[in-house]
Each structure stands twice: as structure tokens, then as C-alpha cells.
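Each remark here refers to the structure printed beneath this line.
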Amino acid sequence: MFETQSGRAIRAGGPRLVAVTEPAAAAAATEIPPQVPSQGSRGPDPDAPGGTGVSGGPGGSAAPEGILRRQAQRESAARTYARSLPIVPVRARGLTIEGADGRRYLDCLSGAGSLALGHNHPVVLEAIRGVLDSGAPLHVLDLATPVKDAFTTELFANLPPALAADARIQFCGPAGTDAVEAALKLVRTATGRPGLLAFTGAYHGMTAGALDASGGAPGVRVTRLPYPQDLRCPFGVGGPEGAELSARWTENLLDDPKGGVPAPAGMIVEPVQGEGGVIPAPDGWLRRMREITAARGIPLIADEVQTGVGRTGAFWGVDHAGVVPDVMVLSKAIGGSLPLAVIVYRSGLDVWAPGAHAGTFRGNQLAMAAGAATLAFVRENRLAERAAALGERMLTALHGLACVHPCIGEVRGRGLMIGIELVDPDTGAAAPSLAAAVRQECLDRGLIVELGGRHGAVVRLLPPLTLTDEQAAAVLDRLADAIPAAARRTH
């Protein structure tokens, strides 16, 4: 049971868990305590660059309104989070962000899942300072360094053993989409085939090849396969039967000489679709995909950019099903909050020539140090297991909310990767305007969440793996207040 700040008890079943938190001395020195934002918390508000309206930021800064206005004037129309989250962060620690106006927020976006340990975790800061103080080079292309060797060793220690025993690693550009591009290039080079198998609802990044493999991309030579789900099952049945039909459709299409499928170089799949609406792949279905691809000599690519490093309650999303892919795409949390992306793959695929894939910033030493520290902390403190247990309790509590709020169509997720799909109670149709209202009501209550799903109707929670019981209760409390408030607003 979670005891919320408002005094309500959100029943979540199971024994009370002991939170894994930051080292006490470091936390006491710099922790920003969570609190409900006060309407009277704004300080002086001058509107010119170099003003003195902020006391909480590093060295002070201009007033937040002026900063936001200049951002809107100067930055591209493609900006996203800045539109829905009009805040100016100046300090952060763990789950908590402090804005330039002094308001504090519980951050359940976590850098789109990049912050496995939350903001400015002491072990991450120590690792970064260690490199800075050592005088080591910060930019080395793909040269070997002690920092890189330590990162690779820690990463391989956490990979599925059957892959780690016969693996190669390619350091890519700094973003997950760069690693997706590398993975697609790798399997096409190794197999000599042009085609690609991907899934409806997928999201693999924003570069051209990654977008081709993502759901909704028009005019591309990618075969789109049905990803199983319950609420909006393409076969109208959901559950194990829907997953079985999805697998049978895939198998039949690949074996049909008139199926119109280009010879596939690989299949790329997310163990949990994140941007697609937080939809976990059923374990049995994922094992079938492994069997289908292995029997046909098709490399299986697991996109673990968001699901990796304990997020889903196992170190990697594929671990739930016991699946060993041929290629793993890794980014986000592996850099400990700094830009880093790699692919790890079976040595038999390592046939490309020197320079076949490169990137100027693939030698990011600070990210490798922060990443190695993060990987080790997650492993040593069993944060994947912690995410599984706490995530299950949070999902149970959210299922309880769904029972009293008919606008909640489905609660789903795995570990601390959670989604709440909002619907029209009368028709069951996705309700993106309601989801946007919930996001705003959460922000008004000092809670940062984001949206995803097919129509932007899924409220997503990606809190850090260091989330405490008390923080989880506060998140649920604010969300429980925001949903009925948003429903009243939209009606």
C-alpha cells in the first residue's frame, strides 16, 4: 500500500520495499527535496538578458519568462518537450528538478529514459570528475583508452552471457538513432540482402534509415509486421491468442513465395514499444520471433535503447523471454546521462571493412566513464530487481485507479516503464486531448510526465531506477489528482 501525500492510501499489494538511494553523505549535501510547487514561489522577474530574477541557478541567470520567449524566437519549429514543459531547469538531483522560478518538480521523464540513476547521481559525478581531474583526453575518435576498456568490460559483464561470449562492439555516433543506422548497415552488409522486417507502432529514431523502420513511415521498402497488444489488437482478440496470430502471420508471410517480402537482412524489434505506447512484447511471442528468424537465417536486432539497463525489471528487455538476439542496439542509459551509443553483435556478422561505419564523437570519454559507473551501480545494487518489484506495485495501484476512472482504457508496462492509455469513456476511442490535459494537470502539481502512443493518448512514466517508496507514492498521488481534474477540464 502506498500512503500518499494527501493522506489517501493507494493499495499496491506486496511487502514494503527498502529503497536503494544515493549515498547518504552525498545526498544530504545536495539533495533537492520534492515538494508541491507553491503559487507564491516566484522571485523577482526582470525580463532582460542578464537580469537578476533567479537565485537558485548556477551563478544566477535571466528571468525564466525571457529565456522561454527567446527560445521560442530562436529555436526551430521542431522542438518538442519545450512546448509541453515550459520550465527552465537550473538545478536537479535524483527525481527532482528545480526551475528558474524556484518551483520544484518530480521528473518522471528522466531524459526520455536516459537517467537510470536520476539527475546528478554522486557515482556519475565522481566518474566524470575522475576523468577531468586525470588529464585524460576527452576526444579520441576510436582509439583505445583505459576509460573505454573499463566501459567495454563492464558492459560485456552485463550482456546476455551467450552473446557476450562471442560479441563484437561498434561505437557509433552519440545518439541511439546512429546505432540503429549502424545495425541496419551491419546486417545488410553481412547478409547481402536489402529488406528489413519491422513492426507496427515501432520507433527507432529520427535519421532516415531509423525512420524507415519506424511505424508510420511512408514509401519505404520495409515489411511491416503486426506487434501484439491487447487493447487495440489488430486481430480483435488480444492476449495469447492475438500474440499467436501475430506470430503465425509473420511466419506465413515470410514463407509465402507470393508474399511480396524483399529478402530480409534482419528483423528489428523493441522488447517494449516505448513511443508506440508502452506495449510489452509477450515473452512467448518474442521467443517465436527468435525461432522464426533463426530458422531462416535472419539476424534478430533488439532495440534496447530505452528498455536497457534495468528499466523493465531485467537488465535487458530480452532477458524476460530468455532471448539472445544477434544484434543489440544500446544508447540512453548506457552513457550515464551523457551521449553514447553502441551496437553489440555476434562476431560472425563482423564482415564490414575498416571505416564502413564511423562517427567523430564515438570516443566520448566522459560518457564512457559515466556509463561504466552507471552499469556497475545498477548491477551491484540490483536495481533491475528493484524496478521489477516497485514497478509491479505501481502498476497495481494504477489498475486500482482505472477501476474508478472509466477514462483510463488500459494500464500497462514493465518495471519502471509504465503507460496509461486514456480513452473516451463512451466510445473507447483514444483521447489525445484528455492525455494532454492530464500532462498539464500533472505539471501544475509538480509532476513531469510525457505522452506517447498511436494518437498521443498514453501518459508515460519513466522515473529513475533509484525511485524510493515515498517518491513513488508522491508520483501516484499527483497523478491520481490530475486525471479527474483533466477529465473535468475536457468536459
**OP:** Can you establish whether the number of heavy atoms outside His455 located under 6.0 Å from its atom NE2 is more than 12?
**Re:** no
Subject >> Arg379/Glu154 under salt bridge (charged side-chain N to carboxylate O under 4.0 Å, His left out): CA gap, chis, key distance, verdict >> reply: CA-CA 10 Å; Arg379 172 179 54 80; Glu154 182 63 38; 2.8 Å; yes
**OP:** Among Leu163, Val187, Ile169, Val327, find the residue that satisfies the side-chain contact (heavy atoms from CB on, under 4.5 Å) test when tested with Tyr345.
**Re:** Val327
**OP:** Could you list the residues that satisfy ring-ring contact (aromatic ring centres under 6.0 Å, His included) with His139, not counting sequence neighbours?
**Re:** Phe361
Original post:
Angle class for the Phe199/Trp285 ring planes (parallel below 30°, perpendicular above 60°, tilted otherwise)?
Top reply: perpendicular
**OP:** Could you check if a side-chain atom of Thr223 sits within less than 4.5 angstrom of a side-chain atom of Pro264, using non-hydrogen atoms only?
**Re:** no
**OP:** Under the side-chain contact (heavy atoms from CB on, under 4.5 Å) rule, what do Val459 and Arg439 come out as? Steps first, then yes or no, please.
**Re:** CA-CA 7 Å; Val459 175; Arg439 177 179 60 192; 5.9 Å; no
Subject >> 4.5 Å side-chain heavy-atom contact, Thr96 and Leu106 >> reply: yes
Original post:
At their closest point, which heavy atom of Val131 faces which heavy atom of Val147, and how far apart are they?
Top reply: CG2-CG2, 4.2 Å
**OP:** Would you check if the side chain of Arg414 reaches a backbone N or O of Gly313 as a donor-acceptor pair within less than 3.5 Å?
**Re:** no
**OP:** Name all residues meeting the salt bridge (charged side-chain N to carboxylate O under 4.0 Å, His left out) criterion together with Asp326; count only those two or more places apart in sequence or in a different chain, and write none if there are none.
**Re:** Arg290, Arg346
Original post:
Charged N to carboxylate O under 4.0 angstrom, Asp303 versus Lys332?
Top reply: no
Original post:
Distance only, no hydrogens: is a donor on one side chain within 3.5 Å (strictly under) of an acceptor on the other, for His320 and Thr312?
Top reply: yes
Subject >> Side chain Asp166, main chain Ala162, donor-acceptor under 3.5 Å >> reply: no
Subject >> Cationic N near anionic O, under 4.0 Å, Asp477 to Arg445 >> reply: no
**OP:** Look at atom CZ of Arg248 and say whether more than 12 heavy atoms of other residues, nucleotides or ligands are closer to it than 6.0 Å.
**Re:** no
**OP:** For Arg478 and Cys442, indicate whether the former's side chain and the latter's backbone hold a donor-acceptor pair under 3.5 Å.
**Re:** no
Original post:
Judged by modelled atom types alone, do Thr307 and Glu270 share a side-chain donor-acceptor pair under 3.5 Å?
Top reply: no
Original post:
So do the side chains of Glu291 and Arg288 get within less than 4.5 Å of each other, counting heavy atoms only?
Top reply: yes
Subject >> Donor-acceptor pair, side chain of Asp107 and main chain of Ile448, under 3.5 angstrom >> reply: no
Original post:
Under the salt bridge (charged side-chain N to carboxylate O under 4.0 Å, His left out) criterion, do Arg386 and Asp469 qualify, and how do the steps go?
Top reply: CA-CA 11 Å; Arg386 163 71 178 168; Asp469 286 358; 3.1 Å; yes
